[in-house]
Structures are given as C-alpha cells and as structure tokens.
There are 2 protein chains.
Amino acid sequence: MTTEDSETPPPTGRPRDPVLEQAILNATVEVVARSGFAAAKLEDIAKRAGTGKAAIYRRWPSKTALVVAAAENLQSPVAIPDTGSLREDLLGCVRHYITPSARAALALATVLAEASRNTELRDAAQAAIGQPPVEALRAVLARWIARGAVDPATPVDLIAGLVPAVAFHRVALLHQGLDEATAVALVDDVLLPALHAPAGDTP
Amino acid sequence: MTTEDSETPPPTGRPRDPVLEQAILNATVEVVARSGFAAAKLEDIAKRAGTGKAAIYRRWPSKTALVVAAAENLQSPVAIPDTGSLREDLLGCVRHYITPSARAALALATVLAEASRNTELRDAAQAAIGQPPVEALRAVLARWIARGAVDPATPVDLIAGLVPAVAFHRVALLHQGLDEATAVALVDDVLLPALHAPAGDTP
DNA sequence: GACTTACGGTACCTCCGGGTCCCGTAAGAT
DNA sequence: ATCTTACGGGACCCGGAGGTACCGTAAGTC
C-alpha cells in the first residue's frame, strides 16, 4: 500500500449528488411515517424525492437498508439543558418531543415498531431516535441528584422512560403529537411530584 | 311483519361451527400480533386455526374485516377494583397490563397503530383494547377523589393515560411486557406521588 | 333418504410492489 | 473531445399474498 490501492478507486466520472442523497432520506422518512413500513412504496419515495428508483438502488441495496439509513439520518444533537432550574431543565427535555422533526421521528418509530422481526431495523431506530432524548433526561436527573435536589433513590430509568412512552403513545395510537400544555402538565403533575418525594411515605 | 319475514331466513343445512369461529379469531390475534398487519398471511391464520381460507372468507369479507373482528373480540370485562386501599386499587388497574391476554392485545395494538390510514381498524382497536382499562383507572381515581383521598384538581386524564402509554411503549418498542416489579414501581414512584400532591407546591 | 350448507384442502387468478435493466442525457475528470 | 459515472424515467421480471372456485365430505333439517 503506497498511497491507497484497494480503497477509494480514483473517483472518475460524474459524482453523486449529495443533495439528492438527503432528499431521498427525507422523502423516506415522510413516506414511511405516513404509510407504514410495509405500505411505503419505493416508487412513492422516489417520486417525492424527485428522482427514480434506480438512483435509490445505486446507494442502498434494499428497502430495509434505505429505511435504516433514513432512521440514522434523523439523529439530531439532543441538547442537555442546564438552566439552573430543575423544572426548566425537565421542560427542556420534554419539549424536545414537540418539535416537528421529533414528531416525524416518532411517527417513524411507530412504523419501525411494526417491523418486530427485523432486529437490524428496530435497533437502528432505537439507537437513532429512541435513546438520545432519554439519555438527555437521564443526564439531567443525574445532575440534580448530584446537586442534592432530587432523592438519589428515585428510579431514574422509570421516570426517564415515562416521557418517550407518553409521546410515543400519543403519536402512535392517538395520532396527535405532544403539545405544550401536555408537556407542562407532565412536568408539573407527574415528573416533579415523583422526584420531590423524599425517602418514601412509609418509613 | 307476522313473525319474522325478511330477517333470519330459516337456517337450513349444516350450521357454522362456533368453536371454529373463535379459533379463527384467536389465531388472527396471535398471527397479527407476531407478524404485523401487513405481514400476517391469511393462510397462516387459517392453518393455525386448523382450517382453510374458505372458512374465513365465508365469515368475513376481507382481511381488514377479520382483524377488526378479532380486535373487537379481545374485549374482556375489565374489573374496577375496590379494595379499600388506593394503592391496591391502582395496582389492580396496572396489573391488568401484565396478563397474557393484555400483552397480546398490546402487541396487536402495536400493529394496528401501523394502519394509520385505516380509520375503521384503528378505532375498533382503540375501543376494544385501549379504552376499557383506561376507563377503569379513571373510575378508580374518580372514586377516591369523591372519598376525599385524592386532590380533585389532579389531571385524571393525564394520569390515567400514563399506564397504557408505558405498557404500550414497552411492548411496541422495547419488546418486553410489563412485569410485576415495574407495575409496583409505577404505582409507588409515579402514580401515588402524583396523586398525593395536595393543592400544589406553590401556594 | 333428499336437500342444504359448512367443512378442510387445493389449485388458481390477479394484482401489487421490490428489484433489475436499459435508454438518452447531464456533469464532472483528463 | 472523450471517457466515465450519475441522472430521470420507463419497461420489465418475478415472487408473494389477497381473494375465488371447486372438489369430495360431513353435519345438520324436513
């Protein structure tokens, strides 16, 4: 290996359009989120991306691979709020599920849940859109526990899992995204009471 | 109308087997819950029910109608616990989601969520397996509010919606049913703190 | 016993969608 | 200018599954 023999054969000819790449991924998310994994047609995705099926198969070997890529592409840097107020930090985390992209992600998750047997697909979706916001909430809780404002005995996993559960449930079954009022109620009436609990009511 | 003219033409010939009817519905739930709505094959359902496709189409006109009927058939009388203890009542409601039939129902719901465009299907599922347990929880909360043990200002809908959300989320995305430990934690660490809150912490 | 309808099973029709191929054209590299 | 590869788009192949038709048989009614 002098410089680069086997890898990267000199890229001659017309290069691939990166804009098209992104357009295809976006179209995939939209179509899959709206129609479901099985019902999503490659032709619809191609049409919505303003291209043909060939351009898709030039990049990904199968429908599954395409959807996995689209799910991974949804990853957005989830901020870990640190406002100095526990309530505001929680609100920041919960509000993450209100954004349009989050709603698209959840709708996609709805669908990916259907592909139960497809482990690859499910894991990719979970890692891409499931974990990050939960990790953020977990981090916030850990920080406030360290600060002594939250009981160290609180079941962090259970509490942190509450928010995505509600968001997912609303989108998947009730077909309505999380709204501001619900987010506030979730924080004030559920999360904060659960966290403020000292050492337990039965000593 | 003397006795019954138009309706019920004298049922001659071999009658339909009601046992088979139930077997088909059960098989439908199992196969659809395992494979998903789209991936569920009528032939698999028939085979699992120990019959042929013809026997199915003799009863329901389409795959969708069959699944709707199967969802409706899942309705089971959800008991409204009244043990004298708020905690026990809540536990009773939450435990409902641990039963095998509840897990099957939730798995089915996972799938029905995918059929977003099919309003008929979604509504049937919601009415059959979504509403009843939530109504039970709502009733329990209402009773304890009436008894004065729970703040009348508590957002009953939000709280009652928490449990199915968690159950659904776990089954659909995490692929694990609700277990006893989680149920207890849900009641002790989430529901009870949210309910015991008096009039609010900021007077 | 005659009749009617359900039964299990299978072969079949038909449509739909994933995936492939090929066209004429466009956009870069040498 | 030439070469190579990507592009949009259409034609096509093919497997799979919903739905139908028909068999011989079983289980009821009159």
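Computation of the quantities below employed the complete heavy-atom set of this structure, encompassing side-chain atoms and omitting hydrogens, waters and symmetry-equivalent molecules. In what follows, chains carry the letters A, B, and so on, assigned in the order in which the sequence lines appear, proteins first and then strands, with residues in each chain numbered from 1.
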To the nearest Å, give me how far apart CD (B/E43) and C1' (D/dT20) are. 13 Å
Distance in angstrom units between B/R59 CZ and D/dG19 C1', rounded: 17 Å
Using the side-chain heavy atoms of A/Y57, tell me which of these nucleotides is nearest: D/dT20, C/dG19, D/dC7. C/dG19
Among D/dA6, D/dG8, C/dC7, which is the nearest nucleotide to the side chain of A/R16? D/dA6
Under the rule for side-chain contact (heavy atoms from CB on, under 4.5 Å), what residues qualify as partners of B/E180, not counting sequence neighbours? B/R95, B/I98, B/V184
Whole-Å gap separating P (C/dC16) and NZ (A/K41): 8 Å
A/E88 side, atom CD; A/L86 side, atom CG - distance, nearest 0.5 Å: 10.0 Å
Taking NZ from A/K53 and C1' from D/dC12, how many angstroms apart are they, rounded to a whole number? 10 Å
Base, sugar-phosphate, or nothing: which does A/A49 touch, judged by heavy atoms less than 4.0 Å apart? nothing
Rounding to an integer number of Å, can you tell me how far B/L42 CG sits from D/dG19 C1'? 8 Å
Regarding B/T154 and B/D151, do their side chains bring together a donor and an acceptor under 3.5 Å, going by distance alone? no
Whole-Å gap separating C1' (D/dT4) and CZ (A/R58): 13 Å
Separation of D/dT5 atom P from A/R14 atom CZ, nearest Å, is 14 Å
Both B/K63 and B/P15 contact DNA chain D. Which one's nearest nucleotide lies toward the 5' end? B/K63
Among C/dG19, C/dC21, D/dC7, the nucleotide that comes nearest once only the side chain of A/A54 is considered: C/dC21
Is the A/F168 ring parallel, tilted or perpendicular to the B/H169 ring (thresholds 30°, 60°)? perpendicular
Integer-rounded Å distance: D/dG18 C1' and B/F37 CZ: 11 Å
